[in-house]
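Report on the structure given below.
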2 protein chains.
Amino acid sequence: MPRLGMEPIRKAALVEATITEIGRAGSLDVTVAQIARRAGVSSALAHHYFGSKEQMFLAAMRHILGLYGAEVRGALALAEGPRDRLRAVIRASFAASSFRRETIGAWLNFYVLAQTVPDVKRLLRVYQHRICSNLRAPLRVLAPERAEALAEGLAAMIDGVYLREVLGQRPPDGAQAAAMVLDYLDVQLAARPNSGGAA
Amino acid sequence: MPRLGMEPIRKAALVEATITEIGRAGSLDVTVAQIARRAGVSSALAHHYFGSKEQMFLAAMRHILGLYGAEVRGALALAEGPRDRLRAVIRASFAASSFRRETIGAWLNFYVLAQTVPDVKRLLRVYQHRICSNLRAPLRVLAPERAEALAEGLAAMIDGVYLREVLGQRPPDGAQAAAMVLDYLDVQLAARPNSGGAA
DNA sequence: CGGTTTATTGATTGACTAGTCAATAAACCA
DNA sequence: TGGTTTATTGACTAGTCAATCAATAAACCG
């Protein structure tokens, strides 16, 4: 009994299911049948809407990055002044919507996928570029000379914290993770407040 | 024409080939046949010596971590004083023997594998614990109150730099990577030289 | 009401691959 | 010398899975 206008609903369900399955399995070795089952449809339908497994992965990744981007934009909208903006970006990176076991697991696997699938690589580069930009802009105000280096350091640290979360036995603690990066930021800014000349 | 005593030679070749193939493919989706071919033997022989693909992966990982451990030990042996020891550990993390495209690619994939294979997870935990210890010990001398937090921050940053290297278009530059982490360290230590109380 | 589009699936196919096995042969041993 | 161990492989098996297809059926359209 097919109702019309199912496409967006099914696609959304399949994207969610893809992330969940990858996160649970901790691997890209999930079958289309598994994903489809979780989404409550047949594997044939999944192929019908996405064309291939790779396209499903890509859509899932776009979804994750989209959520993250929304989180950042939302936080930035409320922030005033460069320091606040930096904090906003960092906190958004560990907000509950992104910093969950399944999402982290999926995210790590997309890094792996980027080595094989050019489209995924491009997508991930866009994300990296955007986060660096978001950090660099306020840093240019606070520490112009070191803005570039600090932005890269912060970005690396955020990625590193994510990565280490994958192995953690404890469930991820976004607040604590954010605190570590925020502390790094504070100390760096306190060090050479408004000028630079890093090695 | 089989000569005796081939086992260690074949095993070493297969381990090398495993790392190379995973690094090149950027994925764990490499066939035993591929690995064996690169090692110059049949896939049957690979199974003969390792029993299963999983054991090959595990051996490859032990090899990578072993190389890294040796690098750290070597650097530590030459270091004098806590500050020097810290620098040694960080530099060793980006030494040429470990910081190569293929090794980095393989290393990332082992993080993924850890989510599935308990033995790999255990191995990776041992590595993380060891690097944290190596950092903590000298930090306890230089900044006792913050030693724990700083060690975790440094470790996260090291992992993060590795991770970002995976996507990089340029070939990995260990010196520059090390410089970034060393700078982080210097600033943190300069900030509150011999006491603490981080938020 | 027919005809078209949309939704949906069971069944099938075609390709791939981990792991097994029996066979071959050189080297060592008693 | 003849038996055992070690090295090595080609061929095979059994299982998996992405992708396709033909078929069913509801909804919409003129």
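The structure presented is a predicted model; accordingly, all values stated were derived computationally and were not measured. First the proteins, then the strands, lettered A, B, ... as listed; each starts at 1.
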Exercise for the section: Test ring pair (Phe, Tyr, Trp, His ring centres under 6.0 Å) on A:Tyr162 and A:Phe99 and set out the steps. Expected result: CA-CA 8 Å; A:Tyr162 262 80; A:Phe99 204 60; 5.1 Å; yes

Handout entry: Any donor-acceptor pair under 3.5 Å from A:Thr20 side chain to A:Glu16 backbone
Key = yes

Handout entry: Any donor-acceptor N/O pair, B:Arg125 side chain to A:Leu167 backbone, under 3.5 Å
Key = yes

Exercise for the section: Under the salt bridge (charged side-chain N to carboxylate O under 4.0 Å, His left out) rule, what do B:Arg164 and B:Asp159 come out as? Steps first, then yes or no, please. Expected result: CA-CA 9 Å; B:Arg164 305 190 123 243; B:Asp159 277 1; over 6 Å; no

Handout entry: Donor-acceptor contact present, side-chain B:Arg146 to main-chain B:Gln188, <3.5 Å
Key = yes

Exercise for the section: Ignoring hydrogens and angles, state whether a donor on the side chain of B:Arg130 or B:Ser133 is under 3.5 Å from an acceptor on the partner side chain. Expected result: no

Problem - Short side-chain N/O contact from B:Arg10 to OP1 or OP2 of D:dT6, under 4.0 Å - result: no

Handout entry: N-O pairing of B:Arg62 and B:Asp119 below 4.0 Å
Key = no

Fill in the blank from the handout: Within residues 17-47 of chain B, the residues having a heavy atom closer than 4.0 Å to DNA chain C are B:Val30, B:Thr31, B:Val32, B:Ala44, B:His47

Practice task
Give a yes or no on whether the backbone of A:Leu113 and the side-chain of A:Lys121 come within a donor-acceptor separation of less than 3.5 Å.
Solution key: no

Practice task
Could you check how far CE of B:Met6 sits from C1' of C:dA25, rounded to whole Å?
Solution key: 15 Å

Practice task
May I ask you to list the residues of residues 52-63 of chain B, by number, that have any heavy atom positioned under 4.0 Å from an atom of DNA chain C?
Solution key: B:Ser52, B:Lys53

Handout entry: Atom-pair distance (NZ on A:Lys11; P on C:dT8), nearest Å
Key = 13 Å

Practice task
Among the candidates D:dC28, D:dT6, D:dT8, find the nucleotide nearest to the side-chain atoms of A:Leu4.
Solution key: D:dC28

Problem - Below 4.0 Å: OP1/OP2 of D:dT8 and any side-chain N or O of B:Tyr49 - result: yes

Problem - Atom pair distance, as rounded to whole Å: CD in B:Glu7 and C1' in D:dA7 - result: 10 Å

